[in-house]
There are 2 protein chains.
Amino acid sequence: MTEQQRRPTLIDVAKAAGVSRALVSIVMRDAPGASEATRDKVLEAARELGYRPDTRARLLRSSRTKLLGLSFSSSQPFHAEIVDAAYAEAAAKGYEVALSAVANGRPETRAIEALLDFGSEALILISPTLSNQSLTRYASHVPVVSLLRENVGDLVDSVSSDDNAGIRMAVGYLAALGHRQIVHVDGGTAISAAQRRAAFHTEMLRHGLKPVTVPGGPSEEDGLRAGQLLQLDMPSAAIAFNDRCALGLMESLRANGLHVPNDVSVLGYDDSQFARLSYVQLSSISQDAPLLAAAAVDRAVDRIEGNQPPAHVIRTPHLVKRKTTARPRQSSLPGDQSRHQPSEG
Amino acid sequence: MTEQQRRPTLIDVAKAAGVSRALVSIVMRDAPGASEATRDKVLEAARELGYRPDTRARLLRSSRTKLLGLSFSSSQPFHAEIVDAAYAEAAAKGYEVALSAVANGRPETRAIEALLDFGSEALILISPTLSNQSLTRYASHVPVVSLLRENVGDLVDSVSSDDNAGIRMAVGYLAALGHRQIVHVDGGTAISAAQRRAAFHTEMLRHGLKPVTVPGGPSEEDGLRAGQLLQLDMPSAAIAFNDRCALGLMESLRANGLHVPNDVSVLGYDDSQFARLSYVQLSSISQDAPLLAAAAVDRAVDRIEGNQPPAHVIRTPHLVKRKTTARPRQSSLPGDQSRHQPSEG
DNA sequence: CATCACGTCTAGATCGTTCTATAAACTAGC
DNA sequence: GCTAGTTTATAGAACGATCTAGACGTGATG
């Protein structure tokens, strides 16, 4: 039985300040057409009444909503980092962000429709799984920015990380350390897994090394399974599809008495919060979520405001060296299963 | 330069069907006042034009928005599980969910204002950090449900998990296994940390055991630090504030050559996705996110529709036994630092 | 036959804004 | 003192829906 008090409107403020509705609107929007004196008077009255403009009404009249729709997957911690950064960048550009999660029983189309209903002026989709055709259809109504997935057609913007460059760095770094037997635990059917797999192949060949790939996936369990497979022919270094996969892989190695990085070097991808944990200290390829998010927001705003044509932005990732990568042992014989001390705390 | 085609409105549909605006509105809302024949005719026209009602306009006129505002923290994976479940429950009740994250540089008030701007009819706040006074102020405008935090005042609803019961289970379980030296790595200033600390104290005494608490926190790093502290006087079992804390703690134990659960049993709290990982298999107290989320949504909808008074719902958590808890060694001497085999993969 | 009730439909007001005219007040120029 | 130009203010029409009140046709009732 709470007393629901009506919130003040433009009319209330106008009455209180002794001016017309329209003038209050002008002042609230910081638009030209009001003198300093009345501006102060109106702002004072608004503050007094605790007036907050009604977004719905504002939206309805002016087609501008200053709202960016962002869809993400609730099960990906990496997405959360992007959400964080997107909020900040959007706020800096004077936009608000509407969030919609892709979850169990809530397909991407549902999430997108919700964003459109809220009045989003542009859509930013993290790793969208829709077909290019579907994306293009949405893009005919509103600018669409695909984040972390490229090749989405000419009418859809994309902001992605250069997977080739990332893998090139990874292979180059490990090779420079002296590793000859480097395997790639791939991402299976995950987005950009194919890209990285191919890049690994060409890059290894370029270094005169044999490109060995074992099936993996985006989760810890996938890394764990891959670790079992590697038992048969243990390499001196491994590049995992992502950090979670790397974690599982390391756990598997540890369970088999191998020490990282003394026996095997492990390199992750994403530089997620897991990688940064003090007891993990995972070397990783950073896609720099904040940068990617900022680029996506910029792209969306540019499209909305400048009416620019769609573009495809590719950012170069960088290597973050931590404690899971090192020079290989003098000779990295597969099958060396001697037990080692636990890592120095 | 995308061709942005205008979306059809009520008028378009009315014109196409040869009826008035109002009648189309009636049909779209499934309200009484239209014959079956015209109903079909209108629906057909709407389908043909791809008409979707404009939420903003609808919102503006009717106060009903069928929207629940949900605020969560982007850095808490446990919150993501709740978001998932909330979507499902809300959809079942015919509501849509508006999401707003509390993130770096985006305080809770900001998140809430955004939700209100979207037209949320009720707010569900996960572990809100605002003062009771602030919560109550919001509650005077719109029903507010506090999730995972109780004692929020009479005007605010709350849905929480029974921390006393959870800790009681934890202590009871470990005591039943034969443990006498049980410590609690607490949650520091985190929400409900005080509650659990107190419960631990009384429960240990009830079992005739000495309640030892060491300072911890909600993250892996906190657990890690707590592990160092325990070095001085190693217990036979530990109850961590949450799963992430437990993970850090276990890592610390492992680094010091101790085996879980052979040397020390570790019990987590939350039963998060981490706990379920095959190589972690953390025993944990489950608060059952889906159930809590459903309860919160139910509460919100009840408040909106039934105009019921605020209520406080408390759900009982349950124990999930996995592989980090076991009977203690025959005599659990502190200082026994002998190295053990790695866990059987 | 007049009245009433009922189901179906519609005109017009309304929600809280923004936007487009246009009026009023003032300044400046001749 | 009249006209033109600029600044400041306002009235009224939008935006796309819902809601209220009432019109219209039909059939039943007194």
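We name chains A, B, ... by the order of the sequence lines, and we start the count at 1 in each one.
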N/O donor-acceptor pair under 3.5 Å between [X] side chain and [Y] backbone:
X: Ser100(A); Y: Ala111(A); result: yes
X: Arg149(B); Y: Pro128(B); result: yes
X: Ser131(A); Y: Ser134(A); result: yes
X: Glu108(B); Y: Thr129(B); result: yes

Rounded distance in Å - [atom1] ([X]) to [atom2] ([N]):
X: Lys15(A); N: dA9(D); atom1: NZ; atom2: P; result: 20 Å
X: Asp12(A); N: dT17(C); atom1: CG; atom2: P; result: 9 Å
X: Leu10(A); N: dT14(C); atom1: CG; atom2: C1'; result: 15 Å
X: Ile11(A); N: dT17(C); atom1: CD1; atom2: P; result: 8 Å
X: Asp54(A); N: dT17(C); atom1: CG; atom2: C1'; result: 8 Å
X: Tyr51(B); N: dA17(D); atom1: OH; atom2: C1'; result: 7 Å

Any salt bridge linking Arg110(A) with Glu113(A)? Criterion: basic side-chain nitrogen under 4.0 Å from a carboxylate oxygen.
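Result for this pair is no, no salt bridge flagged.
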
Any salt bridge linking Glu96(B) with Arg106(A)? Criterion: basic side-chain nitrogen under 4.0 Å from a carboxylate oxygen.
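Arg106(A) and Glu96(B): salt-bridged.
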
If you only use heavy atoms from C-beta on, which nucleotide in dT8(C), dC15(C), dC15(D) is closest to the side chain of Ser35(B)?
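Looking only at heavy atoms from C-beta outward on Ser35(B), the closest nucleotide is dT8(C).
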
Report yes if at least one side-chain N or O of [X] is closer than 4.0 Å to OP1 or OP2 of [N]; otherwise report no.
X: Thr38(B); N: dC9(C); answer: yes
X: Arg58(A); N: dT18(C); answer: yes
X: Ser62(A); N: dT17(C); answer: no

Within the structure provided, determine whether Leu148(A) and Gln287(A) are in side-chain contact (heavy-atom separation under 4.5 Å).
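They are in contact (side-chain heavy atoms under 4.5 Å apart), so the answer is yes.
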
Does a donor on one side chain and an acceptor on the other come within less than 3.5 Å for Arg299(B) and Gln308(B)?
yes

Just by distance, no angles: are the side chains of Ser25(B) and Arg21(B) close enough, under 3.5 Å, to form a donor-acceptor pair?
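The criterion, which ignores hydrogens and geometry beyond distance, is not satisfied for Arg21(B) and Ser25(B).
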
For the helix from dC1(C)-dG30(D) to dC30(C)-dG1(D), measure the angle between the helix axis at one end and the axis at the other, each built from five pairs, rounding to 10°.
70°

Check every strand shown and say whether Thr55(B) touches a base, only sugar-phosphate, or nothing at a heavy-atom separation below 4.0 Å.
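No contact.
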
So which of residues 18-34 of chain A are in contact with DNA chain C, with a heavy-atom cut-off of under 4.0 Å?
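Within this stretch, Arg21(A), Ala22(A), Ser25(A), Arg29(A) sit under 4.0 Å of the strand.
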
